[in-house]
Undergrad: 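Have a look at this one before I ask anything.
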Amino acid sequence: MNPIKTIKSNQFWLLGIASGLIAIHVTLTSRQESNIFVWSIIFWIATSFLVWRKRDTLNLDSSFYATILGLLLVAIILFRSSNYLSLTFIGIAPFVSALALSLIASGFKGIKQYKQELILLFFFNIPHIVILPLIDISALTAKFATYMLWYLGFEASVEGVSVVLPQGSVVVYHGCSGLSNILNLIRLTVMFLILFPLKGSKQKILVFSASVVIAFLTNSMRIAVMAILTAAHNQVGFDYWHKGKGSLIFPIISTAILGIIYYFLLTRENNAATTVTKIQTQETLDG
């Protein structure tokens, strides 16, 4: 039997390839020191849920060339996974894997069926790879943290990317600028919008704007706290908020705030839709 036709006609082949690629990627991310492992699990679960939800409506009709291209992409993923690894490869692998599976399953014309999944896995880490080396908001973060300290009564000033207090100063490096936290909330927002969509464009813009503002504010608060600890010569406290467990508290707070805002907007939109439906039903009964 032609192996290409077998793959195209047998959903178990597709499930096996997908499961293998997901298992490989999760294993690779588990070996990294960053929190990308947690994100990989969340995004793969969300993607799998999206595909499972519409499994009965998918058109699994691929072409020979699309299948060959998809298998070639799978081969590249497998080859790179067994050789030199980098965060860049780990970041783009989910999107490439999803693209490969889409081509194998449904061909060039059927890729649009997987638009949500491709968008979701694109935001898994590709924006981090592209944006982080190009943009540096360290100076802006230092200025805002200084303003917060000044507003609270501290004699703070800013010198370049340094927050200066009379008893000491803290330098805001690129990794502590908060840009990574902003991108984390943006990709979380994308996942929310795909899994629990908001209909109004204003609400979508509001959520994206809120994710940027919340991440920036909470990180600036963290910088201000570290500046105070540095001025107090509290090295233990500084290390706790810089690289210890304290560094995770503000991202958790920002995620919780974003979740609450999104839940509020989603609930308000659903309540409004329910009210409109009741009014239309009542008008129909009265008519």
Side-chain angles (χ1 to χ4, degrees), residues 33-36 38-39 123 125 127-193 202-265 268:
E33 296 181 357
S34 63
N35 60 355
I36 196 172
V38 177
W39 284 108
F123 277 91
N125 211 47
H128 288 68
I129 296 171
V130 175
I131 295 176
L132 283 178
L134 299 178
I135 300 177
D136 188 358
I137 61 171
S138 300
L140 181 61
T141 303
K143 289 180 181 179
F144 195 84
T146 301
Y147 173 77
M148 294 175 65
L149 290 170
W150 175 83
Y151 187 80
L152 293 173
F154 293 91
E155 296 181 9
S157 61
V158 60
E159 295 181 3
V161 295
S162 298
V163 180
V164 181
L165 292 171
Q167 297 81 16
S169 63
V170 61
V171 180
V172 182
Y173 292 106
H174 183 269
C176 294
S177 65
L179 183 58
S180 180
N181 294 336
I182 292 174
L183 294 175
N184 285 341
L185 282 197
I186 288 177
R187 66 179 169 188
L188 187 62
T189 299
V190 171
M191 186 176 69
F192 283 164
L193 288 172
K202 291 183 179 180
Q203 287 87 334
K204 295 177 182 178
I205 295 174
L206 176 62
V207 173
F208 274 109
S209 301
S211 64
V212 174
V213 173
I214 291 170
F216 181 77
L217 288 178
T218 53
N219 186 73
S220 298
M221 292 172 60
R222 173 172 165 264
I223 297 299
V225 170
M226 289 194 297
I228 294 173
L229 293 172
T230 299
H233 304 289
N234 187 344
Q235 187 62 40
V236 175
F238 177 85
D239 292 337
Y240 175 80
W241 291 105
H242 184 218
K243 294 182 179 180
K245 294 181 179 180
S247 63
L248 302 176
I249 293 178
F250 284 103
I252 292 174
I253 292 174
S254 61
T255 301
I257 294 174
L258 179 63
I260 292 172
I261 292 175
Y262 196 90
Y263 178 78
F264 170 76
L265 293 174
R268 189 178 68 172

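Along the sequence shown, the residues carry numbers beginning at 1.
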Undergrad: Contact between Asn181 and Asn184 at the side-chain level, heavy atoms closer than 4.5 Å - yes or no?
TA: yes
Undergrad: Tell me every residue that passes side-chain contact (heavy atoms from CB on, under 4.5 Å) with Leu217, counting only those two or more places apart in sequence or in another chain.
TA: Phe144, Val213
Undergrad: Can you measure from CG (Leu134) to CG (Leu179) and round to the nearest 0.5 angstrom?
TA: 10.0 Å
Undergrad: What closest approach, in Å, do Asp136 and Ser138 show between heavy atoms, and which atom pair accounts for it?
TA: OD1-OG, 2.5 Å
Undergrad: Would you give the length of the straight line joining atom CD1 of Ile214 to atom OG of Ser209, rounded to the nearest 0.5 angstrom?
TA: 10.5 Å
Undergrad: Among Leu206, Leu188, Leu193, which one satisfies side-chain contact (heavy atoms from CB on, under 4.5 Å) with Tyr262?
TA: Leu193
Undergrad: How far does CZ of Arg222 sit from CD1 of Ile253, to the nearest 0.5 angstrom?
TA: 12.0 Å
Undergrad: Please report the closest heavy-atom contact between Pro127 and Leu183, naming both atoms and the distance.
TA: O-CD1, 4.1 Å
Undergrad: Look up atom CD in Gln167 and atom CZ in Phe154, then write down how far apart they are to the nearest 0.5 Å.
TA: 9.5 Å
Undergrad: Could you tell me which residues satisfy side-chain contact (heavy atoms from CB on, under 4.5 Å) with Ile129, sequence neighbours excluded, listed by chain and number?
TA: Thr88, Ile92, Asn125
Undergrad: Determine whether more than 12 heavy atoms belonging to other residues, nucleotides or ligands lie under 6.0 Å from atom OH of Tyr240.
TA: yes
Undergrad: Answer whether the closest heavy-atom distance between the side chains of Tyr173 and Val161 falls below 4.5 Å.
TA: no
Undergrad: Could you give the distance from CD (Glu155) to CG (Leu149), rounded to the nearest 0.5 Å?
TA: 12.0 Å
Undergrad: If you define the side chain from C-beta out and look only at heavy atoms, does anything of Thr230 sit under 4.5 Å from Leu165?
TA: no
Undergrad: Please report the closest heavy-atom contact between Ile261 and Ala210, naming both atoms and the distance.
TA: CD1-CB, 4.4 Å
Undergrad: Return yes if some donor-acceptor pair links the side-chain N/O of His174 with the main-chain N/O of Leu132 below 3.5 Å, else return no.
TA: yes
Undergrad: Taking all non-hydrogen atoms of both residues into account, name the closest pair between Ala142 and Val163 and its distance.
TA: O-CG2, 3.6 Å
Undergrad: I want to check something: taking the side chain as every heavy atom from C-beta on, are Val190 and Phe208 in contact at a cut-off of under 4.5 Å?
TA: yes
Undergrad: Heavy atoms only: give me the nearest Ser254-Thr218 pair and the separation to one decimal.
TA: CB-OG1, 3.6 Å
Undergrad: For the residue pair Ile137 and Gly178, what are the closest heavy atoms and their distance?
TA: CD1-C, 4.3 Å
Undergrad: Does some side-chain heavy atom of Tyr147 sit less than 4.5 Å from a side-chain heavy atom of Val158?
TA: no
Undergrad: Working to the nearest 0.5 Å, report the span between CE of Met226 and CG of Asp239.
TA: 10.5 Å
Undergrad: I need the single residue from Ile249, Ile223, Asn234 that forms a side-chain contact (heavy atoms from CB on, under 4.5 Å) with Trp241. Which is it?
TA: Ile249
Undergrad: Are the side chains of Leu185 and Val212 in touch, meaning some heavy atoms are under 4.5 Å apart?
TA: no
Undergrad: Among residues at least two apart in sequence or on other chains, which ones pass side chain to side chain donor-acceptor pair (under 3.5 Å) with His242?
TA: none
Undergrad: Counting C-beta onward and ignoring hydrogens, is there a side-chain heavy-atom pair between Phe216 and Ile182 closer than 4.5 Å?
TA: yes
